[in-house]
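Quick caveat: nothing in here was measured; it's all calculated off a predicted structure.
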Amino acid sequence: MPSRIAFIARKEFQYFWLDWENYFWVFIMPVVFMYFIGTVTANFGGNPGGGKDSIALVAPADAGFLADQLALRLEQSGYEVRHAEAAEGEELPTRRLVVPAGFTASVLAGEKSVVTLESRGKGLSGDYDRVRASRAVYLVLADLVVSAGQGREPTAEWFAELAAMPRSVTIDVRPAGRRKEIPTGFEQAVPGIMIMFSLIVILTTTSSSLVIERRRGLLRRLASAPISKGEVFAGRWLARAGLGYVQVLLGLVAGTFLFGVDWGPNLGVILVVLLGWSALCASLGLLLGNLVQTEGQGVGISVLAANVLCALGGQWWPIEIAPSWMQKLAMFLPNGWTMDALHQLALFGAGPLAVVPHLLGLLAAAGVVAVVGMRTFRFE
C-alpha cells in the first residue's frame, strides 16, 4: 500500500512539471510580486529593511566647511547624503536641505543664516525628516558653542579634532523587549506573497486537474486498477502537499538571498509551520476538485477564495494596521495563523512554543478537510 501511494505521488509530481505555465506561476510570478510589493511598501515604516533614506544637500561653492559638517551630521542621522546643485525648474527629490550662499562666513560673523528643508514627506514621514534635519543643524551649532567656550577658532581641523575627543557622556542602547514595529517592505511582502501564491497555485492546479481527468475518463480507468480510492487520494494529496512545500521553500530562498529577509533563529520551526500550511493547501485543493464541475468553476472559485482570504488574513498588508475586528477575524483564518506564526518567529522574537497553537490548528484543519475530501472523492 505505501508503495502504491508513493508511485501515484511521484507520477503526479512529475506530471505537474510537464506544463510550462506551472514554472511561470511557481518560480517567476511570486518573485516579481515580492519585488514590486516590497519595493512599494518599503518606506511605510521608516525604511525597516535597513537601507538609508536619501537626502540631497544643495550647497553653493562658497558655503564653506560648515556645509560639510552638516553633511556629516546628516549621515549620522541615518541619511545617505547626495550633493546637488540648485537648478531652476529642477524636480524636487523626496527630500533636500538647501544651504544659503556664504553660509560659513555668515554664521561665523554672527549673522542669521537660514537652512531650508524641502520634503515631500507627509505626516509621520515628514515629521521624521524635520527631526533629523534639525538634529544635524543643532549638533553643528553645539560644536560652535564648544569652540567659543574654549576660545578656539572654528575651523575644519578644529571640528575634526573635536570629533576625535572621547565623550564624557554616552548612550547605551539596548532592546527593551520584543520588537513591536509593524512589518513593512520585504518583511511583509515576502511571507505574504509566498502564502498567497502557494494557495492560489495549489487550488487552481489541483481542482482543474481533477476535472480534466474525470472528463477524459482517466480516473475511471484508474478505478479499474488494483488501487483503492484511499490510495489514489493519499497519493495525490502527498504530491500536492509536496508541490506547495516546494513553492514556499522558493519563497524562503528568494526572501533570504534576493530581498535580505532575516528569518530569525527559529528557521526550523518556520519550515514546520510552512509544512502544515502546504498540507492544508493540498487538502483544500482536492476538496474543491471534488465539488466543482468545470475547470472554469475551479479556477474562478480558487482565485476568488484565495484573494478574499489573503485580504482578510494579512497577506496584502500588515494585519497590525487593520481595525481590531479585522485582526480578530484573521486569527480565525488558517492563512492568518500562518502569517502570524511567521511574524512571531521571524520578527517579534517569539520562541517555538508561541506558535504551537498555530501549527496544531493548521494540522487539524488539514486533517479535517482531507477527511471530507476523501469522503467526497469520486472517479467520475
* Are the aromatic rings of Phe27 and Trp17 close, with centres under 6.0 Å apart? -> yes
* Are Arg220 and Glu213 ion-paired here, with the side-chain N under 4.0 Å from a carboxylate O? -> no
* Consider only side-chain N and O atoms of Arg135 and Ser77, and report whether a donor and an acceptor are under 3.5 Å apart. => yes
* To do: Decide yes or no on side chain to side chain contact (heavy atoms under 4.5 Å, CB included) for Val140 and Leu72, but give the supporting numbers first.
  => CA-CA 10 Å; Val140 174; Leu72 176 62; over 6 Å; no
* To do: Drop me the distance from Leu249's CG to Tyr245's OH, to the nearest 0.5 angstrom.
  => 5.0 Å
* Asked: Which distance, rounded to the nearest 0.5 Å, do you find between the CE of Met326 and the CE of Met331?
  -> 13.5 Å
* **Within-4.5 Å side-chain heavy-atom neighbours: Val98 and Val115** => no
* Asked: Would you call Arg95 and Glu118 a salt bridge, using N to O less than 4.0 angstrom?
  -> no
* To do: Check the side chains of Gln69 and Asp143 for a donor-acceptor pair under 3.5 angstrom, ignoring hydrogens and angles.
  => no
* Structure fact -> To the nearest 0.5 Å, atom CD1 of Ile195 lies from atom CG of Leu342 at 5.0 Å
* Asked: To the nearest 0.5 Å, what is the distance between CG (Leu312) and CD (Gln327)?
  -> 13.0 Å
* Decide whether Met34 and Phe24 are clustered together by the hydrophobic rule: side chain heavy atoms of Ile, Leu, Val, Met, Phe, Trp, Tyr closer than 4.5 Å, transitively. => yes
* With hydrophobic residues grouped by side-chain heavy-atom distances under 4.5 Å, do Phe36 and Met29 end up in a single group? -> yes
* To do: State whether a side-chain donor-acceptor pair under 3.5 Å links Ser228 with Arg4.
  => no
* Are Arg132 and Tyr128 in a cation-pi contact, defined as NZ or CZ under 6.0 Å from the six-membered ring centre and within 45° of the axis? -> yes
* CG of Leu267 to CG of Asp262: how many Å apart, nearest 0.5 Å? -> 10.0 Å
* To do: Kindly indicate whether the side chain of Arg82, heavy atoms from C-beta on, has any atom under 4.5 Å from the side chain of Ser54.
  => yes
* Gln344 side, atom CD; Leu347 side, atom CG - distance, nearest 0.5 Å -> 9.0 Å
